[in-house]
Structures are given as C-alpha cells and as structure tokens.
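Below you'll find the structure, written out as structure tokens, and then a few comments.
Just so you know, ligand 1 is whichever comes first in the structure, and atom 1 is the first atom listed for that ligand.
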Amino acid sequence: MHHRPLGKTGLDVSALGYGAWGIGGSGWLGARDDESLRALRRAIELGVNFIDTAAAYGSGHSERLVGQAARDADDTVYVATKIPPKNGQWPARAGVPATEAFPGDWVVESTEQSLRNLGVDAIDVQQFHVWSDEWVGQGDWADAVAQLKRDGKIRFFGVSINDHQPANAPRLVESGLVDTVQVIYNVFDQSPEDELFPAVETAGVGVIVRVPLDEGGLTGRVRPDTTFPEGDFRNGYFGGDRKREVWERVQAIATDLDVPVERVPEIALLFCLSHPAVSTVITGMRSVENVERNAAFVDLGRLTDGQLEALRRHRWVRSFYGA
Ligand SMILES: NC(=O)c1ccc[n+]([C@@H]2O[C@H](COP(=O)([O-])OP(=O)(O)OC[C@H]3O[C@@H](n4cnc5c(N)ncnc54)[C@H](OP(=O)(O)O)[C@@H]3O)[C@@H](O)[C@H]2O)c1
C-alpha cells in the first residue's frame with residue numbers, strides 16, 4: 001500500500017483509508033460487529049494505516065470497534081475521530097456562534113470520552129464534525145485545542161467541512177490553526193479543486209477525502225430497484241427519483257470510459273487519488289471483499305490523462321443530504 005504525507009504533520013498515511021461511519025450502527029444500518037472487525041483487521045493487514053471515525057457514530061460504538069482493531073494491530077495505525085457540535089446542528093449554520101457549537105469545555109469533554117472509547121492515550125487527529133469559517137477568532141475552542149495538544153491528548157487537529165461546502169474553510173486553512181481538512185471529493189462533486197485544494201497545498205494542510213463513492217452511488221450497486229434497511233439514512237439520500245438518476249449517470253461514466261460498470265468503484269477511487277492535494281481517501285468498507293478489492297485498485301491502478309479528462313464531464317454538484 002503506498003503512502004502519502006498528511007500535510008505537514010509528518011504522518012505518512014495510506015492512500016486508501018478506512019471510513020468507519022458504516023460500522024457504527026447509526027445512519028448506516030445492517031453492519032455486524034464480527035464482520036466489521038474482520039474488515040478492519042484485513043484492511044490493516046493490507047497496509048491501511050489511517051482510520052476515520054467519530055464520537056457520533058453509534059454513540060461511540062464505531063470508536064470502540066476501531067480502537068479494538070487498532071490496539072490489536074502489529075503496525076502503527078493512525079486514528080482520526082470527531083467532536084460532535086454541542087448544539088446538535090448538522091451542518092453548521094451561518095450566524096450561529098462558535099460558543100454554541102464548540103465551547104472549549106465541550107471540546108475537552110468530548111475528547112476525553114473519545115479517548116476512553118478508543119482505549120488510547122492520544123488521538124492522532126481530532127476533528128470538529130462540522131465547520132463554519134466564521135468561527136476563526138471566535139470563542140475559546142482554539143485555546144482548548146492548543147491545551148489538548150500540550151497535554152499530549154491529541155497530536156493533530158482538523159475539521160470536517162460541511163457537506164458540499166469546500167469554500168467554507170479558507171480562513172481556517174490560512175490561519176495556521178488546522179493540520180487537516182476532511183472534505184467530500186468524488187467524480188460527482190469535484191468542487192474542492194476550485195479553491196480549497198490550491199489553498200491547502202499552499203498552507204501544507206493535509207486532505208482527508210470522504211464519501212469517495214458518493215455513499216455507494218458511484219459503486220454501480222445503487223440501481224432503481226435497490227432497497228436499504230428501514231431507518232437507514234440512504235432511504236433519504238437516494239430517495240424519490242435519485243436512484244434512477246444516479247444509476248443513469250454511473251452507466252454514462254462507464255460508457256464514456258469504455259469500461260464495465262463493475263469497474264466504476266475503481267475509477268472513482270483512483271480519480272480522488274489523482275489529485276496531488278489528496279493525502280488519503282477514507283472509504284466505507286464493511287466487508288473483507290470490499291477491503292480487498294479497494295486495496296488492490298489503489299495499489300496497482302492509475303488513470304490516464306484521457307480518462308481524467310473524460311471524468312471532468314461528469315461533475316455533478318448537488319446535495320442529497322438532509323432532504
Ligand atoms: N460529516 C462527516 O464528517 C462525514 C460524513 C460522511 C462520511 N464521513 C466519513 O467518510 C467515510 C466514507 O464515506 P461513506 O462510508 O459514508 O461512503 P462511501 O465511502 O462514499 O461509500 C461507501 C459504500 O461503498 C461501498 N463500497 C466500498 N467499496 C466498494 C467496492 N469496491 N465495490 C462496491 N461497493 C463498495 C460500501 O459497501 P458496504 O456497504 O458493503 O460497506 C458502502 O455501501 C465514512 O465512513 C466516514 O468515516 C464523514
């Protein structure tokens with residue numbers, strides 16, 4: 001598995017990272033802990049050394065599984081987790097002060113809870129789960145982050161940028177207060193290339209790409225007749241006519257690149273990794289099969305300039321969240 005620098009942190013992270021939302025039991029339903037642990041362990045065995053989780057994923061359940069797998073590993077595994085906003089607002093809204101979402105004592109309290117859930121002494125990358133760029137200079141969150149670093153409880157700090165709002169972070173990126181950003185970047189939403197990626201490259205901020213497969217849309221496995229477990233967030237994300245729309249677009253990608261639909265997940269992951277600003281692509285993989293497939297693509301594959309140019313035509317920025 002090849003590695004890339006995570007900005008200026010000094011950490012070398014695997015190009016393929018592990019996204020641990022799906023195994024937490026909230027939002028995504030249907031995961032089984034024994035299978036999730038097998039998938040996590042296989043990923044680590046194949047060289048994945050970066051895992052993204054959050055306190056909010058199953059109220060710490062995902063953190064507990066990730067902690068178990070990381071502690072059992074022979075090699076170093078870097079874990080990133082997230083602090084939920086105290087006011088429970090996803091995404092962060094303009095005009096709401098930082099003191100409501102991330103007061104300093106909440107930042108410390110949530111970090112202490114994540115340390116207990118993970119069973120570790122220090123978190124490699126602690127992140128805010130939402131971000132509003134108005135918060136630079138507001139409240140006492142930055143003091144709390146600095147104190148957590150001094151106390152050795154977190155090594156690096158980042159934010160998870162609001163869904164499809166990559167331009168809602170430039171002040172933070174330029175402020176020097178942040179080591180990493182986590183952002184949606186995939187064949188459909190290519191908008192981080194416009195402003196965010198040039199800014200992070202200048203500042204030396206690491207980029208953690210999330211939702212590389214559009215919550216499954218870019219796998220070719222979401223088709224008009226696909227169903228999800230009752231209560232699973234994908235019933236809303238792919239609600240109405242969206243399954244048909246996504247499926248047609250995936251077929252168009254396959255036709256344009258002259259590959260079978262089954263190869264679209266591979267194309268989609270390699271697309272994300274083709275941008276030099278990207279450090280790691282955290283992919284949701286609840287089965288050993290998906291871990292093995294993705295590890296193979298990422299290590300062996302590379303897109304041609306012609307394929308990348310073709311993929312530019314499939315840019316489709318929209319938000320299916322919260323609807
Ligand atoms: N606000 C935030 O901070 C935020 C929001 C969303 C996500 N995230 C992070 O980003 C991570 C990735 O996003 P995600 O997990 O939501 O979605 P994703 O990575 O875009 O897609 C995951 C889906 O793709 C499927 N898949 C993976 N590899 C495949 C392959 N080779 N062939 C076919 N299907 C494949 C998975 O199958 P299975 O269902 O079988 O696993 C799952 O259904 C999350 O786990 C989380 O860590 C953060």
Side-chain angles (χ1 to χ4, degrees), residues 16-32 35-36 38-40 42-43 48 50-58 62-63 65-66 79-85 89-92 125-131 158-166 168-169 180-189 208-223 226 228-229 232-234 237-238 246 250 260-272 280-298 301 319-322:
L16 179 67
Y18 187 101
W21 181 18
I23 64 171
S26 61
W28 289 76
L29 302 183
R32 284 202 351 248
E35 195 178 355
S36 303
R38 270 200 300 277
L40 273 166
R42 184 68 179 135
V48 170
F50 189 83
I51 306 177
D52 176 75
T53 179
Y57 298 163
S62 172
E63 287 185 326
L65 291 174
V66 167
V79 175
T81 190
K82 309 187 195 79
I83 304 171
Q89 267 181 14
W90 262 277
V125 184
Q126 177 61 296
Q127 308 161 100
F128 285 177
H129 210 140
V130 297
W131 177 251
V159 302
S160 189
I161 299 175
N162 286 353
D163 301 324
H164 308 297
Q165 294 181 18
N168 190 1
T180 62
V181 290
Q182 182 176 138
V183 68
I184 294 179
Y185 176 55
N186 56 44
V187 171
F188 290 148
D189 188 348
I208 300 163
V209 163
R210 76 169 183 263
V211 195
L213 298 174
D214 183 39
E215 307 291 12
L218 281 162
T219 66
R221 293 190 181 176
V222 176
R223 301 187 179 190
T226 302
F228 304 106
D232 190 296
F233 98 101
R234 288 170 294 175
Y237 190 86
F238 294 113
V246 164
V250 167
V261 159
E262 290 67 32
R263 284 195 54 206
V264 172
E266 164 185 352
I267 303 279
L269 293 184
L270 294 177
F271 170 82
C272 301
T280 183
V281 176
I282 49 169
T283 309
M285 306 176 281
R286 298 184 293 179
S287 64
V288 167
E289 184 199 359
N290 282 346
V291 165
E292 290 180 344
R293 290 181 74 200
N294 295 344
F297 304 152
V298 162
S319 183
F320 284 176
Y321 296 98

Exercise for the section: Answer with yes or no after comparing the ring centroid distance for Phe228 and Phe233 against a 6.0 Å cut-off, counting only values under it. Expected result: no

Exercise for the section: Looking only at distances, please establish whether an N/O atom of ligand 1 is found under 3.5 Å from an N/O atom of Asp163. Expected result: no

Exercise for the section: Report, in ascending order of atom number, the atoms of ligand 1 lying under 4.0 Å from any heavy atom of His129. Expected result: 1 (N), 2 (C), 3 (O)

Handout entry: Any N/O pair Tyr321/ligand 1 closer than 3.5 Å
Key = no

Fill in the blank from the handout: Residue, atom and distance of the protein heavy atom nearest atom 37 (O) of ligand 1 read Asn290 ND2, 3.2 Å

Practice task
Determine, step by step, whether Tyr237 and Tyr321 satisfy the ring pair (Phe, Tyr, Trp, His ring centres under 6.0 Å) criterion, reporting the C-alpha distance in whole Å, the side-chain angles of both residues, the deciding distance to 0.1 Å, and the verdict.
Solution key: CA-CA 6 Å; Tyr237 190 86; Tyr321 296 98; 4.8 Å; yes

Practice task
Give yes if a backbone or side-chain nitrogen or oxygen of Arg221 is under 3.5 Å from a nitrogen or oxygen of ligand 1, and no if not.
Solution key: no

Practice task
If you have a sec, work out which protein heavy atom is nearest atom 44 (C) of ligand 1 and how many Å separate them, to one decimal?
Solution key: Trp21 CB, 3.6 Å

Practice task
Would you mind checking which non-hydrogen protein atom is closest to atom 32 (N) of ligand 1, with the distance to 0.1 Å?
Solution key: Arg293 NH1, 2.8 Å

Exercise for the section: Would you indicate which of Phe297, Tyr237, Trp28, Phe128 comes nearest to atom 42 (C) of ligand 1 when only heavy atoms are counted? Expected result: Trp28

Exercise for the section: Please determine if Arg286 has a nitrogen or oxygen closer than 3.5 Å to a nitrogen or oxygen of ligand 1. Expected result: yes

Problem - For atom 12 (C) of ligand 1, the protein heavy atom that lies nearest, with its residue and separation - result: Ile282 O, 3.2 Å

Problem - For Asp52, atoms of ligand 1 separated by under 4.0 Å from a heavy atom - result: 9 (C), 46 (C), 47 (O)

Problem - Contacting atoms of ligand 1, where contact means under 4.0 angstrom from a heavy atom of Ala20 - result: 45 (O), 47 (O)

Exercise for the section: May I ask you to say whether Glu215 pairs ionically with Arg234, meaning some side-chain N is under 4.0 Å from a carboxylate O? Expected result: no

Fill in the blank from the handout: Restricting to heavy atoms, the pick from Pro265, Gly217, Gly284, Ser287 nearest atom 19 (O) of ligand 1 would be Gly284

Exercise for the section: Looking only at protein heavy atoms, identify the closest one to atom 21 (O) of ligand 1 and say how far it is in Å. Expected result: Gly216 N, 3.5 Å

Practice task
Before signing off on this row, confirm whether Asn294 and ligand 1 have an N or O atom pair separated by under 3.5 Å.
Solution key: yes

Practice task
Give yes if a backbone or side-chain nitrogen or oxygen of Gly22 is under 3.5 Å from a nitrogen or oxygen of ligand 1, and no if not.
Solution key: no

Exercise for the section: Please could you name the atoms of ligand 1 that Met285 approaches to less than 4.0 Å, counting only its heavy atoms? Expected result: 41 (O)

Handout entry: Nearest protein heavy atom with distance in Å, relative to atom 4 (C) of ligand 1
Key = Arg210 CD, 3.2 Å

Handout entry: Element-labelled atoms of ligand 1 that are located less than 4.0 Å from some non-hydrogen atom of Gly19
Key = 11 (C), 44 (C), 45 (O), 47 (O)

Problem - Numbered atoms and elements of ligand 1 in range of Val211, under 4.0 angstrom, heavy atoms - result: 6 (C), 7 (C), 10 (O), 12 (C), 13 (O), 20 (O)

Exercise for the section: Side-chain contact test, heavy atoms from C-beta onward, threshold under 4.5 Å: evaluate it for Val211 versus Gln182 and give yes or no. Expected result: no

Fill in the blank from the handout: A student checking ligand 1 against Ser160 at a 4.0 Å heavy-atom cut-off should list atoms 1 (N), 2 (C), 3 (O)

Practice task
Over 60° means perpendicular and under 30° means parallel, so classify the ring planes of Trp90 and His129, tilted if in between.
Solution key: perpendicular

Handout entry: Gln182, Glu215, Glu289: member with heavy atom nearest to atom 48 (C) of ligand 1
Key = Gln182

Exercise for the section: Of the side chain and backbone of Leu218, name the one, both, or neither that has a heavy atom under 4.0 Å from an atom of ligand 1. Expected result: neither

Practice task
Look at ligand 1 and say whether Tyr18 reaches it with a heavy atom at a distance under 4.0 Å.
Solution key: no

Exercise for the section: Answer with side chain, backbone, both or neither: which part of Ala54 has a heavy atom less than 4.0 angstrom from an atom of ligand 1? Expected result: neither

Practice task
Could you list the atoms of ligand 1 found under 4.0 angstrom from a heavy atom of Thr219?
Solution key: 24 (O), 25 (C), 26 (N), 33 (C), 34 (N), 35 (C)

